[in-house]
Amino acid sequence: MAPDAATAAGSPPIAADLPPLRVGGRAASVREILTAGVEVASSADAGGNGSDTVPVEALVLTNLANGRWLTGFSGSAMVVVLTADDLLVITDGRYATQAPAELSAAGVDGRVVIANRGSEQQEAAAAAVAGLGRVALEAEHVSWSRYRRFAGEWFGGAELVPSTGVVERLRRRKSPEEVARVAAAAAVADGALAEVLPRLAEGPTEGEVAAELDHLMRRRGASGSAFDTIVAAGENSALPHARPGPRRIEPGDLVVIDFGAIVDGYRSDMTRTVCVGEPRAPGGRVYEVVRASQQAGVEAVADGVSCKQVDAVCREIIDEAGWGEAFLHSTGHGVGLDIHEAPSLSSRSDEVLAAGEVVTVEPGVYLAGTGGVRIEDTVVVTDEGCRRLTCSPKTLVVA
Ligand code: ZN
Ligand code: ZN
């Protein structure tokens, strides 16, 4: 397929065409939770199945994606302190210009403190929570050494609460502007794949194909790849997270290509399995089963449907074909500022899908030593079903 002329080099970055992302209202949503009670991570399960909730007077964010979601600031170092009447972003001199500009562009009413020394950062944070009783930290994101500093110098006067999932739960439902960013990232990836597939017949290595996809996504306006691009040929395709290497793509190989783009911080995630010529047995049969499983999974996604149910729909078709043991992972995951975020589409999930959530559906079958097939789309949940954001054709034989 010929490259799309509209996205040739020289066209403006795709992010410039997106609707502005205004995030100023998010602090109010988080404050409501702080007052009502944050979920406390139980010591028995730091993964977040805590059941107690405790009201707190402040929340301290150290996770970069959570901080970005709340403030619009995209830097690589920040401590965000949210109280009833203050939203404080503490960062360092590298972001003296960028941080206030990003808060302003996002419509966020907050303060930025630029401080290079730990002691200065600590003073600003301590002042923001002075006199407050309970301060929540993000239990899953604070290292042991940082916790010791927070409990000592930073917030020593307060009772620290190990909260879990406060911002992550709010991040699940995307605004139309956020969906537009994931969709733009998905479109970039679709375009890059269409440009690369005809070249597989030339016998490139896995690494060359991965590098080409990464390059083309940048050329089409992505700020980067959503994660390390996977290109796995032949026996390597049986490894769900194979690293692209020197193996050449040859006729008859199943080739699993799993990749995505980042546009304005938001990620896409898509897998296609392809073959130059007819696949060696049982590749064609495996492909048909995974294709049917993935399609049934996408058709099962809708507001109000449990994540467990979507996983079960995909798994049943693969089980019936006799390859249940070869479906080595869960069916999907949320996508947004992070490549893996809530909710999880797994048999162990107790979560229910809601309109506006962006999730993947990606069943796979992996036959060790032989090869594997995975097919994945990123979709946005709607009231009646879902809308696919990754739109590349699902055609096994590509050349
Ligand atoms: Zn993927
Ligand atoms: Zn995925």
Side-chain angles (χ1 to χ4, degrees), residues 65 168 171-172 174 179 181-193 196-197 206 209-210 213-214 216-217 222 224-233 236-244 254-263 265-274 287 290-291 293-295 297-298 300-301 307 310-311 313-315 318 327-349 351 353 357-366 371-381 386-394:
E168 283 88 341
R171 280 171 51 191
R172 281 175 55 164
K174 272 67 177 174
V179 173
R181 281 156 174 76
V182 180
V188 162
D190 282 333
L193 185 65
V196 157
L197 286 183
E206 297 166 338
V209 175
L213 283 169
D214 292 344
L216 288 169
M217 289 193 290
S225 304
F227 55 93
D228 288 348
T229 295
I230 295 169
V231 177
N236 292 342
S237 63
L239 309 169
H241 272 193
R243 277 179 199 283
L254 290 171
V255 184
V256 170
I257 304 175
D258 185 357
F259 70 114
I262 304 176
V263 171
Y266 285 81
R267 292 159 205 262
S268 68
D269 191 2
M270 173 170 74
T271 308
R272 291 292 182 267
T273 301
V274 297
Y287 188 86
V290 174
R291 174 92 169 79
S293 166
Q294 202 267 346
Q295 185 168 335
V298 169
V301 169
C307 293
V310 179
D311 182 83
V313 163
C314 289
R315 214 162 284 281
I318 292 174
F327 181 3
L328 300 173
H329 48 75
S330 57
T331 289
H333 53 86
V335 186
L337 289 169
D338 284 319
I339 187 60
H340 291 142
E341 54 181 60
S344 166
L345 278 68
S346 100
S347 60
R348 299 176 305 281
S349 171
E351 297 167 311
L353 294 171
E357 292 181 348
V358 174
V359 298
T360 69
V361 179
E362 52 177 305
V365 167
Y366 309 92
V373 173
R374 178 167 65 257
I375 301 173
E376 173 181 30
D377 283 313
T378 299
V379 305
V380 56
V381 183
C386 70
R387 180 164 61 88
R388 277 206 296 143
L389 302 178
T390 46
C391 300
S392 293
K394 288 162 190 149

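Atoms within each ligand, like the ligands themselves, are counted from 1 in listed order.
Closest to the Zn ion (ligand 2) among the N, O or S atoms of Glu376 is OE2. Atom OD1 is the N/O/S atom of Asp258 found closest to the Zn ion (ligand 1). Distances from the Zn ion (ligand 2) to the N/O/S atoms of His333 are shortest for NE2.
Here the angle centred on the Zn ion (ligand 2), running from OD2 of Asp269 over to OE2 of Glu362, is 150°, rounded to 10°.
Put simply, the side chain of Val380 does not reach to within 4.5 Å of the side chain of Val182, judged on heavy atoms. The side-chain heavy atoms of Val209 and Pro244, taken from C-beta on, include no pair separated by under 4.5 Å.
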_Pair Asp311, Ser346 - check side-chain hydrogen bond (donor to acceptor under 3.5 Å, both in side chains), show working._
CA-CA 6 Å; Asp311 182 83; Ser346 100; 6.0 Å; no
*Full working for side-chain contact (heavy atoms from CB on, under 4.5 Å) between Asp269 and Asp258*: CA-CA 7 Å; Asp269 191 2; Asp258 185 357; 3.1 Å; yes
